[in-house]
Structure formats: structure tokens, C-alpha cells
There are 2 protein chains.
Amino acid sequence: MAIDQLDGRILVLLAREPRIGVLEMSRRLGVARGTVQARLDRLQSSGVIQGFGPQVDPAALGYPVTAFATLQIRQGQGPDVRAHLASVPEVLELHTTTGTGDMRCRLVARSNADLQRVIDRVVGFDGIVRASTAIVMENPVPLRIIPLVEQAAADSEGH
Amino acid sequence: MAIDQLDGRILVLLAREPRIGVLEMSRRLGVARGTVQARLDRLQSSGVIQGFGPQVDPAALGYPVTAFATLQIRQGQGPDVRAHLASVPEVLELHTTTGTGDMRCRLVARSNADLQRVIDRVVGFDGIVRASTAIVMENPVPLRIIPLVEQAAADSEGH
DNA sequence: CGTACCGCTGAGCATATTGCCCAGCAGAAA
DNA sequence: TTTCTGCTGGGCAATATGCTCAGCGGTACG
């Protein structure tokens with residue numbers, strides 16, 4: 001479950017050069033190919049690596065506006081609201097958080113004007129009591145995992 | 001910049017079976033290998049596909065707790081606060097949003113107790129005026145892009 | 001102390017894929 | 001008509017993959 005230094009180096013290498021092959025990886029890391037193969041299999045089957053899906057930029061797809069919405073849900077309407085939000089393509093992510101019936105979702109839109117349409121569609125659903133939205137201006141730290149991987153690998157040093 | 005149906009099918013296929021090769025993709029899609037190759041190159045150079053980095057599960061790394069923090073920043077301290085937050089491995093993402101000096105970040109921690117340590121480290125910085133945190137309980141819609149890709153591809157139908 | 005067990009190594013082999021080339025062809029634009 | 005662009009289908013050498021194997025050093029356990 002915990003990862004060691006070699007696992008960490010594999011993950012970092014993979015994050016930096018994702019299209020790299022197993023053979024090339026083994027050369028860079030100075031270990032046998034079978035070892036990298038086995039580590040990768042283990043990382044995937046243990047769930048540390050969930051996949052290698054392409055990271056698609058919504059902006060390049062024509063959706064340059066990102067926003068976060070905080071929703072308050074009427075008691076008992078949770079499942080319905082989830083299904084509703086899941087059916088909206090512009091909802092990229094949804095979490096339920098502490099707080100009475102609170103959800104937060106990440107939205108994208110084609111423009112600020114289009115965001116209004118998206119929000120209307122999102123909150124125009126019975127069961128959503130209240131909604132507040134914050135538009136993203138900058139993204140100083142894009143979603144990342146490498147620093148955490150390095151810390152986790154370092155933590156496992158002193159076994 | 002906009003994607004067509006073939007691009008959309010490539011992205012969906014790639015999202016479903018990321019380790020698939022160009023040759024196999026061309027077979028599944030019923031087009032020539034060179035075509036898929038060219039489309040992939042274009043998707044990458046145009047920025048639609050940012051990369052194929054491994055999707056690492058923080059929970060499997062030993063960080064099962066996720067939280068969102070909303071920070072209020074003192075005027076003019078933005079750059080310093082950003083640099084500080086970027087230096088904390090548990091900060092996975094950071095956005096600046098509308099609102100007076102507002103930032104939101106995504107945090108992970110080893111436990112609820114550990115979250116306190118992380119928050120202390122995050123907010124224990126001159127320039128952060130106020131902070132509120134919400135712990136994530138469920139993630140009904142994990143970060144996704146396929147529905148948006150399909151919509152974008154469908155929108156380009158009527159050229 | 002001896003004996004399993006486990007992970008890593010280094011190697012080999014048949015098969016599949018890649019990167020790169022080419023000529024031909026259809027549709028759109030000029 | 002002519003030119004351009006994108007897709008096709010093919011071929012080629014080089015490379016990577018999946019799989020197997022025996023050897024070898026640790027560590028755990030009786």
C-alpha cells in the first residue's frame with residue numbers, strides 16, 4: 001500500500017514523460033525491465049495508479065471559463081440532485097462536504113454569459129435550495145500529485 | 001481548435017483504454033493509422049490533450065482525507081501566498097476566484113487529525129487573513145471530461 | 001542453523017508496434 | 001483547371017512488448 005523510493009521514482013518519471021515505455025524506464029532508473037514491469041502492475045492493481053487517461057484541457061475544447069458552485073440541498077434530495085448534476089456535461093466534478101446538505105461542483109462554460117446558462121441548468125432543479133458561485137480567475141497551482149508522491153516515498157524511507 | 005467527431009471518438013477511446021496503441025486505435029475506429037497519428041499530434045500540439053500523466057489516487061498513497069479551504073488574502077500578498085501554498089505537498093490545487101482576495105485550494109491529509117496539521121501549515125502564513133475549511137465526504141462525480149468532449153464533438157457536427 | 005519464500009537481475013525469443021517513408025485519391029478552395 | 005489538404009493503404013527497419021527461465025541475495029520462520 002505504501003510506496004517506496006523506486007515506486008516514487010517510477011511515478012515521477014511517468015508524470016514527466018508519460019509516453020515513455022517500460023524498457024526506457026528501466027534504463028533511466030537503472031533497474032531491470034521485469035522490476036519496472038512488476039512495480040507498475042502492483043501500482044495499478046493496488047489502485048495507486050488509477051489510469052493513464054488523457055488530460056483534456058476544457059479551454060482548448062471551447063470552455064475557457066471555470067467556476068465553483070456551492071449548493072445547499074433539501075434533506076433527502078441528495079440522490080436526485082446527484083443524478084441531475086451527473087447528467088450535465090459542464091459539471092466536471094462533484095463533492096459532498098461537511099455542512100447541512102452541502103455540495104460543491106466544478107463547472108465550465110463557453111463564456112461568462114454561457115456560464116449563466118450552465119448555472120441555470122444546474123440549479124434549476126427541485127431540491128436545490130440555494131447556490132452560490134465563484135468564478136475562477138487564475139489557477140496558480142494546477143492539479144498536481146508529484147510533490148505528494150515524493151513526500152510519500154520519502155516517508156517510507158525509514159521503513 | 002474545435003474538435004470533430006473523429007477527434008471526439010479518439011478522446012473517448014483513449015479515456016476508456018489509455019494504454020491502447022495507435023495501431024489498435026485505428027482498427028477500432030476504422031480509419032488509417034496515419035490518420036489517427038495525425039489527429040493525435042494535432043490534439044496534443046493544439047493543447048486539447050495536455051498529457052497522459054498517471055492518475056494517482058491520494059487515498060492509495062495514504063492520504064484518504066480531502067478538504068477544500070477558502071482563504072482570504074491580504075491585499076498585495078497574493079504572490080507570496082501562492083508561493084507558500086505551492087510549497088506544501090498536501091495542496092493539490094489552487095485557484096483564485098472572484099471575491100476580494102479569495103483563493104480556494106484542495107487539500108489532502110492522512111487523517112482528520114492530520115488535516116489539522118496541514119491546515120495549520122497552510123494558514124500559518126502571514127498574508128492569510130481568514131480561512132474556512134470543508135471536509136469532503138463523498139465524491140459522487142469524480143473529475144471527468146468525457147461528457148464534455150462528447151458535447152463538444154456533437155456541437156461541431158453541423159459544422 | 002537450515003530452509004523456504006520473495007523480489008530483483010539479466011537474458012532470450014516470437015510477436016506486435018512504432019516511426020517514417022511513399023504514391024494515389026477525393027474534396028474544397030482559388 | 002489547378003492547388004492544397006487530409007485520408008488511405010502499403011512497405012520498411014528498428015524497437016518494444018509479453019513471456020519465459022535460472023541464478024542470487026536478502027528475510028522470515030521453524
Side-chain angles (χ1 to χ4, degrees), chain A residues 1-57 60-62 149-150 152-159, chain B residues 1-57 60-62 149-150 152-159:
Chain A
M1 177 124 283
I3 64 172
D4 65 8
Q5 314 89 283
L6 181 54
D7 289 323
R9 290 204 296 153
I10 289 175
L11 288 173
V12 171
L13 187 53
L14 218 38
R16 268 198 256 277
E17 303 179 53
R19 274 328 224 188
I20 201 175
V22 175
L23 184 56
E24 179 63 20
M25 237 186 288
S26 71
R27 282 194 282 253
R28 304 266 188 100
L29 298 174
V31 296
R33 178 164 68 110
T35 304
V36 176
Q37 196 77 261
R39 294 302 190 105
L40 267 183
D41 289 347
R42 195 173 62 77
L43 286 172
Q44 293 199 67
S45 60
S46 73
V48 174
I49 296 180
Q50 295 183 311
F52 294 89
Q55 296 159 332
V56 177
D57 181 13
L61 236 43
V149 166
E150 287 172 338
D155 284 356
S156 70
E157 276 286 345
H159 56 307
Chain B
M1 178 123 283
I3 65 173
D4 65 9
Q5 311 91 283
L6 182 54
D7 289 323
R9 290 203 297 153
I10 288 176
L11 287 173
V12 171
L13 186 54
L14 218 38
R16 269 198 254 280
E17 303 178 53
R19 273 329 223 188
I20 201 176
V22 174
L23 185 56
E24 179 63 20
M25 237 185 289
S26 71
R27 282 194 283 253
R28 304 268 188 101
L29 298 174
V31 296
R33 179 165 68 111
T35 304
V36 176
Q37 196 77 262
R39 293 302 190 105
L40 267 183
D41 289 347
R42 195 174 63 78
L43 286 171
Q44 293 198 67
S45 61
S46 74
V48 174
I49 296 180
Q50 294 183 309
F52 294 89
Q55 296 159 331
V56 178
D57 181 13
L61 236 44
V149 167
E150 288 172 338
D155 284 355
S156 70
E157 276 285 346
H159 58 304

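Scope of the values below: all heavy atoms of this structure, side chains included, with no hydrogens, waters or symmetry mates. So you know, we letter chains A, B, ... as the sequences are listed, proteins then strands, and number each from 1.
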Nucleotide nearest A:T35 when distance is taken to its side chain, options D:dT17, C:dC8, C:dG19: C:dC8
Selection from C:dC8, C:dT18, D:dA16 that lies nearest to any side-chain heavy atom of A:L23: D:dA16
D:dT17 phosphate, OP1 or OP2, under 4.0 Å from A:Q37 side-chain N/O: no
Donor-acceptor pair under 3.5 Å, B:R33 side chain vs D:dG11 base: yes
Nearest-0.5 Å distance that lies between atom CZ in A:R9 and atom CD1 in A:I3: 12.5 Å
For atom CE of A:M25 and atom C1' of D:dG18, their distance in whole Å: 15 Å
side-chain contact (heavy atoms from CB on, under 4.5 Å) evaluation trace for B:R27 with B:E24: CA-CA 5 Å; B:R27 282 194 283 253; B:E24 179 63 20; 3.0 Å; yes
Atom-to-atom span, CG of B:L40 to C1' of C:dT18 - whole angstrom: 13 Å
N or O in side chain of B:R27 less than 4.0 angstrom from D:dG9 OP1/OP2: no
Spacing between B:R19 atom CZ and D:dA16 atom C1', to the nearest angstrom: 12 Å
Spacing of B:D4 atom CG relative to C:dA28 atom P, expressed in whole Å: 15 Å
For atom CG of B:D41 and atom P of D:dT5, their distance in whole Å: 17 Å
Euclidean distance, atom CD of residue A:E17 to atom C1' of D:dA16 [Å, nearest integer]: 16 Å
Derivation and outcome, side-chain contact (heavy atoms from CB on, under 4.5 Å), residues A:T35 and A:L29: CA-CA 10 Å; A:T35 304; A:L29 298 174; over 6 Å; no
Nearest-0.5 Å distance that lies between atom CE in B:M25 and atom CD in B:Q37: 8.5 Å
Any A:R39 side-chain nitrogen or oxygen under 4.0 Å from OP1 or OP2 of C:dC8: yes
Side chain of A:A32 (C-beta onward), nearest among D:dG11, D:dT8, C:dG10: C:dG10
Euclidean distance, atom CD1 of residue A:I10 to atom C1' of C:dG7 [Å, nearest integer]: 13 Å
Worked verdict on B:I49 versus B:L40 for side-chain contact (heavy atoms from CB on, under 4.5 Å): CA-CA 8 Å; B:I49 296 180; B:L40 267 183; 4.0 Å; yes
